[in-house]
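This report concerns only the one structure given below.
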Amino acid sequence: MFNDGKGALDEGFRVLYDETFTMLFRIARRITCSEEAAEDLVHDSYIKAVERWDIFPTRNDVKYWLIRVVKNNALNWAKRKGREQKVYQRFFKESEERTPSPEDEALDGEAVAELKIKLELLPEKFKTVLVLKEYGGLNYKEIGKVLGITEGNVKVRVFRAREALAALMREDSGNVSRS
């Protein structure tokens, strides 16, 4: 068995890390085009590997598993960034194309007020991460430190919070259109 005790885990991980970090980092950086994101993805993958250490019979099994995990996580990160970029571009393009009328400003004010109401309906753990991310301008790592949770957990909570908020907003707009 690859893991035969804590000492073996420490030594086995150290050897694996020395053997694979550069390769995994290059894979992630190539896909994400971001050194910071690549480093975060690789380290998150190592954490996942250590959590599952007992299931790997050999160091090569861990190595190939890590390559797949890093590749998949980097592709997911790139997709998410691409979607975010499109949203931001669309928002800025639309805001540059028109000057808001007084009616538009009133509707925007109502939308912001409605958003704040819906935000209060979210579970506390979702509301907190959204407020820190969107209003506080903190990044995932900073939010994790503030809340005492992992960066990966922050990312999951932000995603779920956005999904829940969007569902609440859709629910409300669905009720308006039916009446």
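Because the structure is predicted, anything quoted here is derived from the model rather than measured.
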How many angstroms lie between atom [atom1] of [X] and atom [atom2] of [Y], to the nearest 0.5 angstrom?
{"X": "Arg157", "Y": "Leu132", "atom1": "CZ", "atom2": "CG", "result": "11.0 Å"}
{"X": "Lys133", "Y": "Arg162", "atom1": "NZ", "atom2": "CZ", "result": "6.0 Å"}
{"X": "Thr32", "Y": "Phe25", "atom1": "OG1", "atom2": "CZ", "result": "8.0 Å"}
{"X": "Phe13", "Y": "Thr20", "atom1": "CZ", "atom2": "OG1", "result": "7.5 Å"}
{"X": "Glu120", "Y": "Leu168", "atom1": "CD", "atom2": "CG", "result": "12.0 Å"}

Next item on the list: May I ask you to decide if Asn139's main-chain N or O and Glu142's side chain share a donor-acceptor pair within less than 3.5 Å?
Entry: yes
Margin query: Any side-chain to backbone donor/acceptor pair from Tyr46 onto Phe21? Under 3.5 Å, distance only.
Written below: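 Yes: the side chain of Tyr46 pairs with the backbone of Phe21.
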Checklist line | Heavy atoms of other groups near Arg80 CZ, more than 12 under 6.0 Å | finding: yes
Note to self: I'd like to know whether CZ of Arg160 has more than 12 heavy-atom contacts from other residues, nucleotides or ligands below 6.0 angstrom.
What the structure shows: no
Next item on the list: Go through Asp40 and Lys141 one step at a time and tell me if the side chain to side chain contact (heavy atoms under 4.5 Å, CB included) criterion holds.
Entry: CA-CA 9 Å; Asp40 288 347; Lys141 191 176 286 187; 3.5 Å; yes
Check: Looking only at heavy atoms, what is the nearest atom pair of Ser45 and Val69, with distance?
Finding: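 For Ser45 versus Val69, the nearest heavy atoms are OG-CG1, 3.4 Å.
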Checklist line | Worked verdict on Glu51 versus Lys48 for salt bridge (charged side-chain N to carboxylate O under 4.0 Å, His left out) | finding: CA-CA 5 Å; Glu51 290 171 350; Lys48 289 176 186 173; over 6 Å; no
Checklist line | Lys79 vs Asn76 side-chain heavy atoms within contact, under 4.5 Å | finding: yes
